[in-house]
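The basis for the numbers below is simple: all heavy atoms, side chains too, and nothing from hydrogens, waters or symmetry mates.
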Amino acid sequence: MAVYVVLADVESRFTKERVAEVFSTQAADGSTPGTADATAFLAAATDASAEFEEILGVTYVTPFVTPFDAAIVEIVAVFTMFRGARLRRPEYATGDAKTTGPYDADYRLALQRAFDLRDNKRRLTNQAIKPATVGGAQTIYLPDAVKPGYFLPNPTTGEGGFSGGTY
């Protein structure tokens, strides 16, 4: 399994301050160093990448090539921030059920985009294998000079055949 984001990818989308706010280690007095903890970030990024691969399932049989497509990086970056905020900062959650946090809406949008990729409603720019419905040619296996008979109509006029009334 590949990890589809690095710290710089997530920081460029969410700013260094927001990433540090979620992934920094906190001292007993509540202070933080202002930088993201690399171990905590890697754990969340690995989990987010695994979730992304789980959503895609066996649709993509070839591994993605680097650099990863921007859509993959964007989706996994949101998954990473969602997981980090959910697991490392439970105080961000609001309400009695503790189900809404600052990255929940972004997570739902990214989740839908991942499902769209899986269902081929969207395609990656570097997608190696195109679906069978893209491109191609249709082949007709009937010869051109088909003689009309009881079951087959005349291919040029359309008359005759089983439904032509000559049966």
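Between Arg13 and Ala77, the shortest heavy-atom contact is CD-CB, 3.9 Å. In terms of heavy atoms, Met81 sits closest to Arg18 at CE-O, 3.8 Å. The two atoms that bring Ala110 and Ile75 nearest to each other are O-CG2, 3.9 Å, heavy atoms only. What you find for Val19 and Ala36 is that their closest heavy atoms are CG1-CB, 4.0 Å. Closest of all the heavy-atom pairs between Ala2 and Glu53 is N-OE2, 3.7 Å. In terms of heavy-atom proximity, Ala114 sits nearest to Leu56 at O-CD2, 4.0 Å.
Side-chain contact between Phe14 and Val78 is present, with at least one heavy-atom pair separated by less than 4.5 Å. Within the 4.5 Å cutoff, side-chain heavy atoms of Val10 are placed close to those of Phe41.
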*Can you check side chain to side chain contact (heavy atoms under 4.5 Å, CB included) on Ser24 and Arg89, steps first, answer last?*
CA-CA 10 Å; Ser24 64; Arg89 299 291 182 244; 3.6 Å; yes
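Remark: Arg113 engages Glu74 in a salt bridge, criterion side-chain N to carboxylate O under 4.0 Å. Using a 4.0 Å cut-off between a side-chain N of Lys or Arg and a carboxylate O of Asp or Glu, Glu51 and Arg83 qualify as a salt bridge.
Side chain of Arg86 to backbone of Asp104: no donor-acceptor contact under 3.5 angstrom is found. A donor-acceptor pair under 3.5 Å is absent between the side-chain atoms of Thr80 and the main chain of Ala48, judged by distance alone.
Rounding to the nearest 0.5 Å places CZ of Phe79 at 12.0 Å from CG of Asp47. Taking CG from Leu111 and CZ from Phe52, the interatomic distance works out to 11.0 Å, rounded to the nearest 0.5 Å.
Val76 and Val6 are assigned to two separate hydrophobic clusters, defined by single-linkage of ILVMFWY side chains at heavy-atom distances under 4.5 Å. In the hydrophobic clustering of ILVMFWY residues, with side-chain heavy atoms under 4.5 Å counting as a link, Ile72 and Phe115 come out together.
Here the two rings, on Phe82 and Tyr103, have centers that are 6.0 Å apart or farther.
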